[in-house]
Amino acid sequence: MTTIEKLEILSDAAKYDVSCSTSGSDRQGGSGLGSTLPSGICHAWASDGRCISLLKILLTNYCIYDCSYCINKRSNDVERVAFTVDEVVDLTINFYRRNYIEGLFLSSGILNTEDNTQEMLLNIAKKLRLEKGFNGYIHMKAIPGASKELIRETGKYVDRMSVNIELPSENSLKFLAPEKNRDTIIKPMKYIGEEYEYVLEEKKMKKKIDNFMPAGQTTQMIIGASPDSDKQILKLSENLYEKMALKRVYYSAYIPVNTDNKLPSLITSPPLLREHRLYQADWLLRFYGFKADEILTDSKPFLDDKFDPKVSWAINHLDQFPVEITTASLEMLLRVPGIGTQSAWRIVSYRNNSILDFESLKKMGIVLKRAKFFITVKGKYLNSFFLDRELLEKVLTEKKDTQLKLY
Ligand code: SF4
């Protein structure tokens, strides 16, 4: 099989991995170097917000495991291929030189052993950096179960690593991927997180130390393959952010690919709205000072379809509103639906020097469409009215066609 034929298969197999925030593969023109863009090139967002093009592929779709949700599971009858180290290096360099890509995202099934697979990934990274002088972005997998030394060594040559946690709970893992062990997934995440923070600290003190994946680590969780609640998912994400220095948790609506009575049927639509709501809630954890336990409770463990999680929280905590904009703390401003992090900071700095009114809020660019129901300026609402819960729910229910616009 030619490298380009392998590329067709291994770029297609990589599309289920969302842990690099890709916007999906760009298949314009299909395959081959003669087309507008070759297979496997996707757009992703770097940590600084830049949109970058990545070659997104698997090293191999062979796998010794049989996770029931995965297209590449051992028992599936799919065409199997594996790149060699040199093939991945050459593809990356060729595409980079032609300006097709700015980096490489490389994931993999487990070929023979975990260590063997990790070693191949390491050799690719090493060869790209040391022999080919490749300065582009590299995101690689840390393979659960591979040795610490190999993972540590890989981290020296790549920008970012990810260990996919895949399922939100140990029970789901036992049910859908019984050969896997929660510990072998969590351990490398913990180790990578500790090493990342250690290197950051050492660098702050200007100590000479090897690089270690400067863009940090991410992971992905499959949503909807198992019965885990949004609360379980958010609690886990919160833990990962707090304890393992995760940069991002990506949520991937489960796309049924296998017939299995433990899984949703093949005609089930991927839960895209749920995925979208989880991203919104994740945003609240990372930037708005919310805790998972505030967003969801044991009696209401799933996010609302009708409202984004911030609106939902506000409607369920009307006793904390209206927020008086001229005196409210930054923390409380951040809880007002419609007021984002930038707007909250703008309000705080403006009112230190000037008198705040609704006009000045508008001039600052603050969109009052939703916020006006939850704020007062010097004790007055914008339209001199207060809406009770029932009316608020009517006014703030998102129309179905606008629910997915944000992402
Ligand atoms: S280990 Fe990864 S590639 Fe292999 S079957 Fe499980 S999810 Fe798929």
Side-chain angles (χ1 to χ4, degrees), residues 16-22 44-45 47 69 107 139 141-142 144 160-173 176-177 180 182-194 196-197 213 215-254 270-305 307-313 331 334-335 340-341 404 406-407:
Y16 300 101
D17 198 314
V18 298
S19 55
C20 66
S21 68
T22 56
W45 287 271
S47 44
Y69 48 84
S107 182
H139 178 159
K141 291 287 151 189
R160 170 163 279 180
M161 288 178 105
S162 51
V163 183
N164 285 352
I165 203 158
E166 304 289 15
L167 294 165
S169 69
E170 190 155 10
N171 282 346
S172 298
L173 196 69
L176 295 175
K180 279 187 172 172
R182 185 84 166 167
D183 253 17
T184 54
I185 298 173
I186 295 292
K187 264 190 192 153
M189 291 177 97
K190 198 162 180 280
Y191 167 67
I192 289 172
E194 283 167 1
Y196 169 75
E197 296 210 308
M213 45 155 225
Q217 68 166 322
T218 62
T219 191
Q220 84 161 358
M221 251 186 267
I222 300 170
I223 306 306
S226 57
D228 304 290
S229 70
D230 291 343
K231 183 172 183 206
Q232 279 173 289
I233 293 166
L234 280 186
K235 286 288 281 180
L236 175 59
S237 299
E238 184 174 71
N239 258 312
L240 294 173
Y241 287 130
E242 286 174 2
K243 302 200 175 128
M244 296 190 202
L246 263 278
K247 286 285 175 196
R248 282 295 299 272
V249 176
Y250 291 99
Y251 306 96
S252 173
Y254 175 64
L272 293 176
L273 178 58
R274 189 175 173 204
E275 175 193 282
H276 171 65
R277 290 282 182 245
L278 282 163
Y279 274 117
Q280 290 176 317
D282 184 277
W283 204 258
L284 296 185
L285 294 181
R286 290 187 297 136
F287 302 112
Y288 286 78
F290 280 84
K291 292 289 195 191
D293 284 334
E294 291 181 287
I295 301 169
L296 290 165
T297 59
D298 289 339
S299 58
K300 192 180 173 302
F302 287 91
L303 294 163
D304 211 313
D305 277 3
F307 313 110
D308 80 46
K310 197 171 166 191
V311 169
S312 183
W313 181 86
E331 290 70 30
L334 285 170
R335 298 204 163 210
T341 46
L404 287 172
L406 266 167
Y407 291 90

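Positions are given from 1, in the same order as the sequence printed here.
The side-chain heavy atoms of Asp308 and Arg277, taken from C-beta on, include a pair separated by under 4.5 Å. Counting only heavy atoms from C-beta outward, the side chains of Ile223 and Asp228 never approach each other to under 4.5 Å. Residues Lys231 and Asp293 form a side-chain contact, since some pair of their non-hydrogen atoms from C-beta on lies under 4.5 Å apart. Residues Arg182 and Ile165 meet the side-chain proximity criterion, which asks for heavy atoms closer than 4.5 Å. The closest side-chain heavy-atom distance from Leu176 to Glu166 is not below 4.5 Å. Side-chain contact between Thr218 and His139 is present, with at least one heavy-atom pair separated by less than 4.5 Å. Residues Ile233 and Arg274 meet the side-chain proximity criterion, which asks for heavy atoms closer than 4.5 Å. Residues Leu167 and Tyr69 form a side-chain contact, since some pair of their non-hydrogen atoms from C-beta on lies under 4.5 Å apart.
Note that the CD atom of Gln280 and the CD atom of Glu275 stand 11.5 Å from one another [nearest 0.5 Å]. Rounding to the nearest 0.5 Å places CD of Gln217 at 9.0 Å from CE of Met161. The CH2 atom of Trp313 lies 10.0 Å from the NZ atom of Lys310; values are rounded to the nearest 0.5 Å. Note: Ile295 CD1 to Asp230 CG = 10.5 Å, rounded to the nearest 0.5 Å. Taking CG from Leu234 and NZ from Lys291, the interatomic distance works out to 12.0 Å, rounded to the nearest 0.5 Å. Taken to the nearest 0.5 Å, the CZ atom of Arg286 stands 4.5 Å off from the OH atom of Tyr241.
When atom types are taken as modelled, the side chain of Ser229 and the backbone of Phe302 share no donor-acceptor pair closer than 3.5 angstrom. A donor-acceptor pair under 3.5 Å is absent between the side-chain atoms of Gln220 and the main chain of Ser162, judged by distance alone.
The shortest heavy-atom contact between Leu334 and Tyr288 is O-CD2, 3.2 Å. Here the closest non-hydrogen pair linking Glu294 and Gly289 is OE1-O, 4.0 Å. Pro144 approaches Pro188 most closely through the heavy-atom pair CA-CG, 4.2 Å. The two residues Pro271 and Gly224 come nearest to each other via the heavy atoms CG-CA, 4.3 Å. Nearest heavy-atom pair across Glu197 and Ala245 is OE2-CB, 3.6 Å. The shortest heavy-atom contact between Pro301 and Asp298 is CD-O, 3.7 Å.
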Take Tyr251 and Ser237 through the test side chain to side chain donor-acceptor pair (under 3.5 Å) and record every step on the way to the result. CA-CA 10 Å; Tyr251 306 96; Ser237 299; 2.8 Å; yes
Give the intermediate values and the outcome of side-chain contact (heavy atoms from CB on, under 4.5 Å) for residues Glu238 and Phe290. CA-CA 10 Å; Glu238 184 174 71; Phe290 280 84; over 6 Å; no
Determine, stepwise, if the pair Thr219 / Met244 fulfils side-chain contact (heavy atoms from CB on, under 4.5 Å). CA-CA 11 Å; Thr219 191; Met244 296 190 202; over 6 Å; no
List the steps and the verdict of side chain to side chain donor-acceptor pair (under 3.5 Å) for Ser169 and Asn171. CA-CA 5 Å; Ser169 69; Asn171 282 346; 5.5 Å; no
Show your reasoning for whether side-chain contact (heavy atoms from CB on, under 4.5 Å) applies to Lys300 and Ser312. CA-CA 11 Å; Lys300 192 180 173 302; Ser312 183; 4.3 Å; yes
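If you run side chain to side chain contact (heavy atoms under 4.5 Å, CB included) between Pro309 and each of Leu278, Asp282, Leu296, Leu303, only Leu303 comes through.
Under a 4.0 Å N-O distance rule, the pair Glu331/Arg335 does not qualify as a salt bridge.
Counted within 6.0 Å of NZ on Lys180, heavy atoms from surrounding residues, nucleotides or ligands total more than 12; the atom is thus considered enclosed. Around atom NZ of Lys243, no more than 12 heavy atoms belonging to other residues, nucleotides or ligands sit under 6.0 Å away.
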